[in-house]
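Here is the structure we will look at.
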Amino acid sequence: MDAVTGSGGDGSGGEKLTGRNASMQSSQSQPQPARPVAETRPTPVDDPSVGRHSLAAQGLNPTDPRDVKPLMAALGLTEDDAAEPTAVVPAEQLREVATQLKARGFMLMDTVGIDYSAYSSSRPKRFAVLHNVYHPDDHRRLFLRVWLDDGEALDSLYSIWKSANYLEREVYDLMGVEFVGHPDLRKVLTPDDLEGHPLRKDFPLGETPTLFREGRFLDPAAFRAGLSGQQRGLTGYRGELRRGQGEDRMPPVMPEGGPK
Amino acid sequence: MALNSGTLPREQMKPDHQESTSAERLGSETGALMHTEIMSLNVGPQHPSTHGVLRLVVDMDGEYVIKVTPHMGYLHTGFEKTFENRTYQQGVTYAPRTDYLHCFGHELAYVLGVEKLLQAEVPERATIVRVILHELGRIHSHLVFVGTGMLDLGALTPFFYAFREKEALQDLFESVCGYRMNQGYFRVGGLSRDIPEDWPARVSVFLDQFEKGVTEYENLFAKNPIFLDRATGVGVIPRDVALDLGLTGPNLRASGVGLDHRKANPYCGYENYSFDVPVSTAGDSLARFQVRLLEFRESAKIVRQALKMLKPGPVKDPNRKISLPPRHELETSMEAVIHHFKLVTEGFHPPVGEVYVPVESARGEVGYYIVSDGGSMPYRVKIRAPSFVNLQALEYACVGSQFADLITILATIDPVLGDVDR
């Protein structure tokens, strides 16, 4: 039984990983996980002398000497509390900030669209578009974060950086954020007949109704419900028969015109 | 309306269904031959020279390209959505499938990102093995570049030479992890298992043989007058345009910007290795070819140094909240069984945060922007795919060149369509 109580270390050790409020910078002062009772060999992570220093060895230290704080101050931007150097930019100032960054020699590396609608904590708006800009000579990297509501359009950076062409098309295609002033805002990755924007959190995972050779038709929603036992689904059908119930139930039939 | 009647006698060449062509109106005697119109030519998606399933619609004026419109997405499998519905450790399966020629680049970028979230501690041996595989992967990718790139230009021999070495490399990959492609060998916190005992010796043998091969390539291909004619001055991308288009990797270095994240933002202890970053200022197809040929030697140099640094030791983070316990412990320790069960069924929960670690892959900057909401699956994963961004240079570089040059330019930009479409 001691072994099982020893797994209490599992819960408290989880502190290190699950601490919601633990920001990346303050991880040095996180509580050490409790030493497991049953484990005879001490796990090296419990030893404070062994350490959290491998990040610096890997060049992953968040406090990088290439500090972008002076740059953010010069541009009049507020810093976001993310681990990477991120500046919050109001949507109407984005093009002006980008112009100044371009004049300083920055290049646009990437554009990230994020849908925060299912996020664990509340965020200012539903969407965030992050422009990842990088200076090829002094290696400063800065993320420009713009908060957007659903349906709100953003200024395109195509007139400033040509690399915004595909990057913004991708965000438009997968996340559904429109870019004003983009010369060629078409879908880029998904097929033309696909409706919706797959990386939005409310886009359902792909489930195809399937018609089997013996004529049985599988409706994914019903199948899943049966598997998870939430309600009587297709998989519950046989179990009910074994229990002497459910004779009146028939498996779902193929709809007219084949699977949708 | 293509002029496909080249074998007919000259007097029959005049198309009877066309009243008069623009050239005829100008009074030319060979009006049927002179008539010009913009022709749209479809290239791909199933075409060997498109390196996958890229479809290009090329607007041509005679033999000259006036516009290229790439159509991507034929290989789009929604990796980013899949990442959101798998645990962090399972994501390692999907990362190498994006760039199937330099799998270790994407794997490394992904695990480094998750390790940054977790503050995981990677043992030294695992880091060095990662460097070796990362560089061997770069050699693997550049070999395919040389082989298929020259094949596009009509040279069949390089393909066999390069794939001879590629086979040897794939044997090495297979012996560490069981897969010849799409390895998925790295784990968050280390490696899935230790390398075989004789593996470093086999890598040395490969390098000896490979370095002779590179000399052969340099003599045979890089000095080939036909190749030089086809590549010199073709598809020039100047420095400022390359930066504007967001090019990275060998394509950017061929345009005169010495950006290499192994030097600029060292990861995996790259600051401990001595190597050079080949840079060319020409910006043409030949420069892109030469930069990659030079990178062969630099990668081999790094692997040789790493092999010397390799010492016995653990290859996984000892933290049981991240790494699976060794198999033999499951029989004796209840703790190990519980950890095993929790990791396999649920996985670990990184703290809330957003991270991005750039890695220099064979194609350029690869980075995974990982958003964690504290759950056991990533909230959002955005792959910075270098091929996708680099492909934008095609539209720029091809305009005004001949159609045959388009194939050269596409080959030297070296996109991987798995990386473009994800």
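Fair warning: this is a prediction, and the values are worked out from it, not measured in the lab. Residue numbers start from 1 in every chain, and the chains themselves are labelled A, B, ... in the order their sequence lines are given, proteins ahead of strands.
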Checking heavy atoms, do the side chain of [X], its backbone, both or neither come under 4.5 Å from chain A?
X	result
N85(B)	side chain
V337(B)	neither
L247(B)	backbone
T69(B)	side chain

Checklist entry - Would you call the rings of Y369(B) and F143(A) parallel, tilted or perpendicular if under 30° counts as parallel and over 60° as perpendicular? => result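 Tilted.
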Next on the checklist: Does the plane of the ring in Y119(A) sit parallel, tilted or perpendicular to the ring in Y379(B)? Use 30° and 60° as the thresholds.
Outcome noted: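 Plane angle over 60°, so perpendicular.
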Checklist entry - So, D137(A) and R239(B), do they make that salt bridge, N to O below 4.0 Å? => result yes
Checklist entry - Would you call R141(A)-E365(B) a salt bridge at under 4.0 Å N-O? => result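 A salt bridge links R141(A) with E365(B).
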Next on the checklist: Please give me the minimum heavy-atom distance between M109(A) and T248(B), naming the atom from each residue.
Outcome noted: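 What the structure gives for the nearest pair is CE-CG2, 3.4 Å.
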Got [X] and [Y] here, is their nearest side-chain heavy-atom distance under 4.5 Å?
X	Y	value
D244(B)	S163(A)	no
H139(A)	H261(B)	no
N132(A)	K382(B)	no
E80(B)	E170(A)	yes
Y134(A)	L259(B)	yes
L245(B)	Y166(A)	no

Item to check | Side-chain donor or acceptor of R380(B) paired with backbone N/O of G113(A) under 3.5 Å | outcome: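 Checking the backbone N and O of G113(A) against the side chain of R380(B), a donor-acceptor pair under 3.5 Å is found.
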Checklist entry - Quick check: does any side chain N or O of E84(A) sit under 3.5 Å from a backbone N or O of V355(B), one acting as donor and the other as acceptor? => result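 Looks like no, no N/O pair under 3.5 Å.
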Next on the checklist: For the interface with chain A, which of A385(B), A264(B), G78(B) has the highest count of heavy-atom pairs at distances below 4.5 Å?
Outcome noted: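 Top option by heavy-atom pairs under 4.5 Å: A264(B).
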Next on the checklist: Restricting to side-chain hydrogen bond (donor to acceptor under 3.5 Å, both in side chains), what partner residues turn up for E168(A), sequence neighbours left out?
Outcome noted: S156(A)
Checklist entry - Mind checking what makes side-chain hydrogen bond (donor to acceptor under 3.5 Å, both in side chains) contact with H340(B), not counting sequence neighbours? => result none
Where on [X] is there a heavy atom nearer than 4.5 Å to chain B: the side chain, the backbone, both, or neither?
X	answer
L108(A)	backbone
I160(A)	backbone
P136(A)	both
S121(A)	neither

Next on the checklist: Go through it in stages, so that I can follow the logic: the residues are H71(B) and R186(A), the test is side-chain contact (heavy atoms from CB on, under 4.5 Å), and I'd like the CA-CA distance, side-chain angles, deciding distance and then a yes or no.
Outcome noted: CA-CA 11 Å; H71(B) 292 265; R186(A) 287 180 291 130; 4.0 Å; yes
Next on the checklist: I need the L174(A) CG to H76(B) NE2 distance, nearest 0.5 Å.
Outcome noted: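 One gets 5.0 Å once the value is rounded to the nearest 0.5 Å.
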Checklist entry - In Å, rounded to the nearest 0.5 Å, how long is the span from CG of N165(A) to CD of E395(B)? => result 6.0 Å
Checklist entry - Which is it for F388(B) and V188(A) under the side-chain contact (heavy atoms from CB on, under 4.5 Å) test, yes or no, and what are the steps along the way? => result CA-CA 11 Å; F388(B) 184 66; V188(A) 63; 4.1 Å; yes
Item to check | Interface residues of residues 123-130 of chain A facing chain B - non-hydrogen atoms under 4.5 Å apart | outcome: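 Residues of residues 123-130 of chain A touching chain B at under 4.5 Å: R123(A), L130(A).
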Checklist entry - Taking non-hydrogen atoms and a cut-off under 4.5 angstrom, which of residues 97-107 of chain A neighbour chain B? => result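 Interface residues of residues 97-107 of chain A: K102(A), M107(A).
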